[in-house]
Amino acid sequence: MSDYSWVIWIPVLPLASFLLLGLFNRYFRKEPIAAYIGMLSLGIAWVLSLYTAYQYYFVSGIQNGKYIPYLPFRWEWLQFSDHLSIELGTLIDPVSVMMLVVVTTISFMVQIYSRGYMHGDSGFARFYAYLSLFSFSMLSLVLANNLFQIYIFWELVGVSSFLLIGYYFEKPSAIAASKKAFIVTRFADFFFLTGILLIGYFAGTFDIETLNSMQTLKWIGAHPGPVFMGLSAVTWALILIFIGGAGKSAMFPLHIWLPDAMEGPTPVSALIHAATMVVAGVFLVARLFPLYYFTGDGFTLRIVAVVGAFSALFAAVIALTQEDIKRVLAYSTMSQIGYMMMALGVSGYEGHEGMGYMAGMFHLFTHAMFKALLFLAAGIIIHAVHSNYMKDMGGLKKYLPVTHWMFLFAALAISGIPPFAGFYSKDEILHAAFKYNTIIWFTGFFVAGLTAFYMFRLFFRIFYNGERTYEHPPKENSKFMLFPVVFLGILTISAGWIFTPFSLYVSPTREPFSYEVHYFSPLVLGSVLVALTGIGLAYLMYYKPTDYPSRVARAFGKLYFWAKNKFYVDEFYLFVTKKIIFDKIARPFAWFDRHVVDGMMNAIGNTTLWISEKIKFIQSGRMQEYGMYFIYGVVFLVMVYYFFNF
Amino acid sequence: MIEGISIQLILTFTTLLFFIGLYGFLTRTNLIGMLISLELMLNSEAVNFVAFNQYLYPGKLQGSIFSLFIIALAAAETALALAIILQVFKMTGSTDVKEVKDLKY
């Protein structure tokens, strides 16, 4: 039996690297040193995470047929009352171990990649410092054993995301994007905090293990707290927590920051806005899954399922029309996270009922690999042709052969073609959704087709679509950039069948169970067929330059135009904030504040001033005299107290 | 908990420290001297916090955390006070406390 005390090093090493690089920035002018410090710390953290995973899943995690949680560290931090306190601690359970592996793998790969991508940038050490800060916060978030600790690191990942999106701080669009991301997620976090406080008040604890224990769940079931609009207080708390998660995970309607976040450097998009931070919302729901499932008869989970399915569809439709390759990938990320949310929402609890949960986590795992790969490959392409736009690309297969193959694998994976990773996770999601509700399943099924189409639209337009001459022939010249891409490519091909059945590792009850992949069931054949149809259509339209795309766009008319303008959600938000909140509410308040509130304060101040003018001659101005008077006063009061015993 | 040292001993020490600081604050005429005396008083409180925490509630952290707050506060306060003293020195050419009695006007 092991005590897992080494896990503390997994977040601490990136923190050390952040402090070193951040505080002594100017001493790391030489690029390789800064990069190797970052890589070394993350590399060790990665190895430790793999070792933890090995220990947990294969050696000491299972006892009596069930994964048991380990709490290697646990300190009481703040005590509010006899029952309610905030701890600092680490919780090792199947979900957190899986997330450790995902976060460290992607972070490590991105650290290596950035050595090539950021080469020659003036803020090189700063970039590595921010990356390490992010890794530290994300890993601590994953390991947290209570909701408050999750909240603290939740904000810290928000800050590091803000810093990294605004990394090119001389670019106004990057500044605007970073502000937008921060404000939107902060807005959602406000609900998250309210939810946590409600949970603390009505369930009496912040501790995740206690919250998810059957005892607490029964207690909550018996004492649901006051009812508001037909829902109990704890249900409301869970809804609010889900809003927080939706903000971070870019679910509709809080998704508007994610596409703009693409202003950050591409490795950042791969790390934060594709693989790790944006799945924090999914992670949060998964963390509290028993609570979600048993409170209010799973009402919140239905919301999660509907929001997830709708976001998946919404984002996929927008992704069809975008021209900037990173934005296509951003919307695709949003769509895939919608998938994961949907999977959690449709999941049951015990045994095979828990397939949805398992599939959501599996998809999180595989999606992290292939989406990070797609972004890193996109980074190579952008680096090579110096543009984000598809119209500046085409025929790149000749110039970027390795990237071409890896991009192809990732695109096949995200489309759900066997034997690539995405197939295994996506089909389990569709299976679970089919059992739950036909409409939700059909949404997922349709989105699978759309996904295949827009991914291959991207693929064909970048690598084929006729010949093209470039002023500077693009080439893959950095081995630091190629290595992570190839490594993730191998994972994309193999992760699916290696880790099937994933329910041996992660399940809602923590009891491993096994299932068979039915390769030839109608559901699987159907979803593979729809993906192939999407690919086929993309091939027809984009393999060679044709006029089909513009004809199809015209055929869809308004719908195409709306999707291209992202359904005007941004404009709607601007309208609400600028025209309604600023003009109609904030301005009158500002007037009231300036004239009435300030007026009263000024009157009080002026009166005080006037009186002091009159009476200040009483005082000597010698400080030590005042001190003596003060002490006389204290002594006098003590004596009064002592003799008269008040 | 330190072996062989009772809490009374520590409290005696901090009380002494506090009153030395108080005496210094009341008798010094130099502003910097007064500031140093003030710091003595603050630090005696910080030690008190740690001592009470360790002897009365071992295993909890609040007292230690508060002494950390006190240290941070003291640093901030020193920075502010020194800035004021510097200005006083620029205005009057000395750091004598008697020089600043006109500040009330």
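All chains are named by letter (A, B, ...) in the order of the sequence lines, taking the proteins before the strands, and each is independently numbered beginning at 1.
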From Ile631(A) CD1 over to Phe19(B) CZ, what is the distance, rounded to the nearest 0.5 angstrom?
-> 8.0 Å
Considering only heavy atoms, give the residues of residues 30-49 of chain B separated from chain A by less than 4.5 Å, sorted numerically, with 'none' for an empty result.
-> Leu31(B), Met34(B)
Given a strict heavy-atom distance threshold of 4.5 Å, which part of Leu61(B) is in contact with chain A: side chain, backbone, both, or neither?
-> side chain
Does any N or O in the side chain of Glu76(A) come within less than 3.5 Å of the main-chain N or O of Lys60(B), such that one atom is a donor and the other an acceptor?
-> no
State whether the number of non-hydrogen atoms from other residues, nucleotides or ligands found under 6.0 Å of Phe182(A) atom CZ is greater than 12.
-> yes
Distance (rounded to the nearest 0.5 Å) between Phe630(A) CZ and Leu26(B) CG | 11.0 Å
Sorted by chain and number, sequence neighbours left out, side-chain contact (heavy atoms from CB on, under 4.5 Å) with Leu73(B) holds for none
Just wondering, more than 12 heavy atoms not from Arg28(B) lying within 6.0 Å of its CZ?
-> no
Correct closest heavy-atom pair for Val97(B) and Met623(A) would be CG2-CE, 3.8 Å
Flag yes if more than 12 heavy atoms outside Trp9(A) fall under 6.0 Å of its CH2 atom; otherwise flag no.
-> no
